[in-house]
Amino acid sequence: MFPCILFPKGGKMSEHAQNDHLLRIRHSASHVMAQAVLEKFPEAKLAIGPAIETGFYYDFDLPRPLTPEDLAEIEARMREIIAEGYDFVYQEISEEEARRLFADQPYKLELIEGILAGGVDEDGNPTAERPVLSIYRHGPFVDLCRGPHVANTREINPDAVKLLSVAGAYWRGDERRPMLQRIYGTAWETPEDLQAYLAWREEVERRDHRRLIKELDLISFHEEGGAGLAYWHPKGGRIRQIIEDHWRARHREGGYEIVYTPHIGRSWLWEQSGHLQFYKENMYAPIEIEGVQYYLKPMNCPFHILIYKSRTRSYRDLPLRWAELGTVYRFERSGVLHGLLRVRGFTQDDAHIFCTPEQIEDEILGVLDFSLSILRDFGFTEYQIELSVRDPRTPEKYAGSNEMWEQAERSLVNALEARNLPYKRMEGEAVFYGPKIDIKIKDALGRAWQCTTIQFDFNLPERFDLTFRDRDGQERRPYMVHRALLGSMERFFGVLVEHYGGAFPVWLAPVQAVVIPIADRHADYAWDVARRLKAAGLRVEVNDSPERMQAKIRDAQIEKIPYMLVVGDREMQNGEVNLRRRDGEVPGAMSVDAFIAMALEAVRERRLL
RNA sequence: GCCGACGUAGCUCAAUCGGCAGAGCAUCCGCCUUGUAAGCGGAACGGUGCGGGUUCAAGUCCCGCCGUCGGCUCCA
């Protein structure tokens, strides 16, 4: 999933997650778990069991599916094994010994072959090291393993270990290989760290957008309507409109033109673009009418290209920056759907930039600045940036010339370095048609989400024969850059909901203020106040239901409305409102105008409250 | 798509061995006229995701489908 989970917020835990001792503890815990599983299922076949960022796992081939009761039993046995106090002993072994030792462990034998053949380690990952077969023993358990481990099982705190879940996982991550059972666990240095991690997981659950969009009446999904298709309710729609309005305004300022294109296109487009060749299994089946096949668009590029090709382009026209909130449909496999983060129909905030090779550096820098600036508007100020480039070993797999790739990469690197942005260079991660920058935004819980992508395309300009007339009269090929900033409205909205836990900053809140009359006789005044707020441009509701004031406040709190304005006899008399904020603060009575000024300032500055 | 789990009222959840489908909240109707996170009383609401099957009897067991969840794989 894209929420590439980092570590719990706060420096202490982050240090721990990178701490070598912690990795040893986790890796050792996974061995202890494997021992416990093997005792319970002597016929179990072991696969691999590494430490991961938040714990560890081990993959097993077992005679039957594991139940939660099994997990509890295994966990209990782990504590006993830990208490038995075995040393972890490292030993290098010969090929023959290894084959003999793991004779009845086919997955281990496969790993052994891999290690001997060179190129992979005992987790199946590529390595350049010379082949060494090594094992780690603790008590009766032995595993093919390079380590490192703690010295003794007692170094694992039995109260800081917990098994979390069991899930399916393909052997070697290959869907054609057997499906194994993976047990996930977590281990920390102290029980306090474990508790903090579990509390963090609970917080993640509390903020889950799938729960919040339902509770806050923002978006729903319907079995009857089809999986992965979102229905935006009035309040969700309101937020989306605010996001879109802001997006449009910023794009106009930023030198973009906004275009609109159809939702379906003739098969010719998709043959020409290559989608039917490379992407067909992700496209909805064609609609045939009058003998012509139309496909629902999985992306907007070919449409923008047709606009480009609608007339002869001059170097004087470039750069062209065209943006569209383009709704696309992709047939995602059923198992990958996930709330708003992975859907089948979504609206990309797409843009394509067509420019001359000379302009590309400036354009890339412009896109980068523009993207980060807009993300900042929405409260995202921390990023994790990846630069995906070619695999230098296989240049033939990529479209475009060497010079193009080099220039493109240079422009991406230059932009990142001009802004002092740290990034990770990912060799071989580029798509075949060009290098790209992906920006993952970090949310309030420190999780990173893939939203922004800036991609070169050396493929489509060729396929569609895009040209411009240069100042020397020659026809030349423009550069084409795809860019999605928020990614998609759906995914961005889901991330936004989780980032704020549903308590949106005032400028985004679907209802900014609710006026709460204490008794019926205050209702007219409440409506009067509401009219004034509305006239000032605020989104306001009046709760004049026959409930107690306390109940109305509770409802407003649950709805996470930023401002609650209580009005009773005193306020009515003085022409005031009595403010209570979502965070529980009660600034108290103030004039209506004073409240309006305060609220408008919060909106203008995009403050939380 | 694959492995596993799950699907009961709008929401959250209950229903012992297969034996009369239930509660709170929300909704509706009354009463109360209230000072910063739930006033009181009453009514109505589902036949258990859908379709088959087993059984005297199915929410409970079996099969298929749909959907959701945890993962894997995928993510132009």
Side-chain angles (χ1 to χ4, degrees), chain A residues 1-2 57 59 61-62 64-68 164-184 205 208 210-211 214-215 217 220-228 270 273-275 277-283 297-302 328 330-339 341-343 348 350 430-434 436 438 450 453 455 457 459-460 482 484 487 491 516-523 545-559 564-571 578-582 584-589:
Chain A
M1 230 18 272
F2 340 85
Y57 68 79
D59 288 346
D61 198 341
L62 298 173
R64 65 165 173 85
L66 290 167
T67 65
L164 299 171
S165 61
V166 51
Y170 296 111
W171 167 234
R172 304 299 280 270
D174 184 338
E175 60 183 330
R176 291 162 306 194
R177 311 291 309 265
M179 177 65 77
L180 307 172
Q181 293 191 65
R182 173 172 298 178
I183 302 177
Y184 280 99
E205 209 171 311
D208 192 321
R210 291 167 299 183
R211 168 216 295 273
K214 196 194 279 188
E215 280 178 10
D217 193 20
S220 57
F221 289 91
H222 300 273
E223 184 176 348
E224 309 88 315
W270 312 109
S273 69
H275 286 103
Q277 199 179 337
F278 298 112
Y279 197 62
K280 193 167 186 192
E281 63 285 4
N282 278 292
M283 291 170 68
K297 69 175 170 185
M299 44 199 62
N300 306 298
C301 327
V328 298
R330 298 182 183 176
F331 191 79
E332 301 286 357
R333 290 158 75 171
S334 59
V336 308
L337 299 176
H338 181 92
L341 301 179
R342 193 78 178 267
V343 288
Q348 292 183 306
D350 210 356
V431 278
F432 80 90
Y433 53 74
K436 61 174 179 175
D438 287 328
Q450 162 80 62
T453 184
Q455 312 187 343
D457 193 325
N459 182 48
L460 294 182
H482 307 275
R491 182 181 293 179
I516 298 174
I518 290 176
D520 289 348
R521 63 178 178 281
H522 310 122
S545 71
E547 291 288 348
R548 292 278 179 289
M549 176 210 55
Q550 286 91 327
K552 296 181 194 177
I553 285 181
R554 182 168 184 275
D555 290 345
Q557 288 285 158
I558 289 170
E559 247 194 273
M564 287 151 259
L565 304 172
V566 176
V567 295
D569 291 335
R570 294 199 295 270
E571 290 74 20
N578 200 301
L579 173 63
R580 177 200 164 95
R581 309 196 315 185
R582 176 175 64 195
E585 296 286 310
V586 183

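From a predicted model like this one, the values you see are computed outputs, not experimental measurements. Letters A, B, ... are given to chains in the order of the sequence lines, protein chains preceding strands, and every chain is numbered from 1.
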Proximal nucleotide (of [options]) relative to the [X] side chain:
X	options	value
A:His275	B:C72, B:G49, B:A76	B:A76
A:Arg548	B:C32, B:C72, B:G67	B:C32
A:Asp520	B:U36, B:U33, B:C72	B:U33
A:Tyr170	B:U36, B:U73, B:C32	B:U73
A:Glu223	B:G67, B:U36, B:G39	B:G67
A:Glu175	B:G35, B:G49, B:G1	B:G1
A:Val431	B:A76, B:G35, B:U33	B:A76

Let me confirm one number: the [atom1]-[atom2] distance from [X] to [Y], rounded to the nearest 0.5 Å.
X	Y	atom1	atom2	result
A:Phe432	A:Asn459	CZ	CG	4.0 Å
A:Lys436	A:Thr453	NZ	OG1	5.0 Å
A:Asn300	A:His482	CG	NE2	10.5 Å
A:Tyr170	A:Arg177	OH	CZ	13.0 Å

Mind checking the [atom1] distance from [N] to [M]? Whole angstroms is fine.
N	M	atom1	result
B:C40	B:U34	C1'	13 Å
B:G47	B:G22	C1'	12 Å
B:U8	B:G46	P	16 Å
B:C75	B:C17	C1'	48 Å

Does [N] have its OP1 or OP2 closer than 4.0 Å to a side-chain nitrogen or oxygen of [X]?
X	N	value
A:His338	B:G70	yes
A:Arg342	B:C74	no
A:Lys214	B:G10	no
A:Arg210	B:C69	yes
A:Tyr184	B:G4	no
A:Ser334	B:G1	yes
A:Arg580	B:A37	yes

Which whole-number value in Å describes the distance from [X] [atom1] to [N] [atom2]?
X	N	atom1	atom2	answer
A:Glu281	B:A76	CD	C1'	11 Å
A:Leu341	B:G70	CG	P	10 Å
A:His222	B:U68	NE2	P	12 Å
A:Gln450	B:C74	CD	C1'	14 Å
A:Lys280	B:C75	NZ	P	19 Å

Is any side-chain N or O of [X] under 3.5 Å from a base N or O of [N], one able to act as donor and the other as acceptor?
X	N	value
A:Arg182	B:C72	no
A:Glu571	B:G35	yes
A:Tyr57	B:G71	no

Handout entry: RNA chain B: 5'-proximal contact among A:Arg333 and A:Arg554 (nearest heavy atom)
Key =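 Upstream on the strand: A:Arg333.
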
Exercise for the section: Could you pick out which residue, A:Gly568 or A:Leu180, lies toward the 5' side of RNA chain B when each is mapped onto its nearest nucleotide? Expected result: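 Residue closer to the 5' terminus by nearest nucleotide: A:Leu180.
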
Between [Y] and [X], is there a side-chain heavy-atom distance shorter than 4.5 Å?
X	Y	answer
A:Glu332	A:Val343	no
A:Asn578	A:Val586	yes
A:Trp270	A:Lys280	no

Reckon [X] touches a base, only the sugar-phosphate, or nothing at all at heavy-atom distances under 4.0 Å?
X	result
A:Asp569	base
A:Arg570	base
A:Ala169	sugar-phosphate
A:Gln550	sugar-phosphate
A:Asn578	base

Practice task
Please say whether more than 12 non-hydrogen atoms of neighbouring residues, nucleotides or ligands are located less than 6.0 Å from CZ in A:Arg64.
Solution key: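 It does: A:Arg64 CZ has more than 12 such atoms within range.
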
Fill in the blank from the handout: For RNA chain B, the expected dot-bracket line (Watson-Crick or G-U under 3.5 Å, [ ] crossing, | inter-strand) is (((((((..((((.....[..)))).(((((.......))))).....(((((..]....))))))))))))....

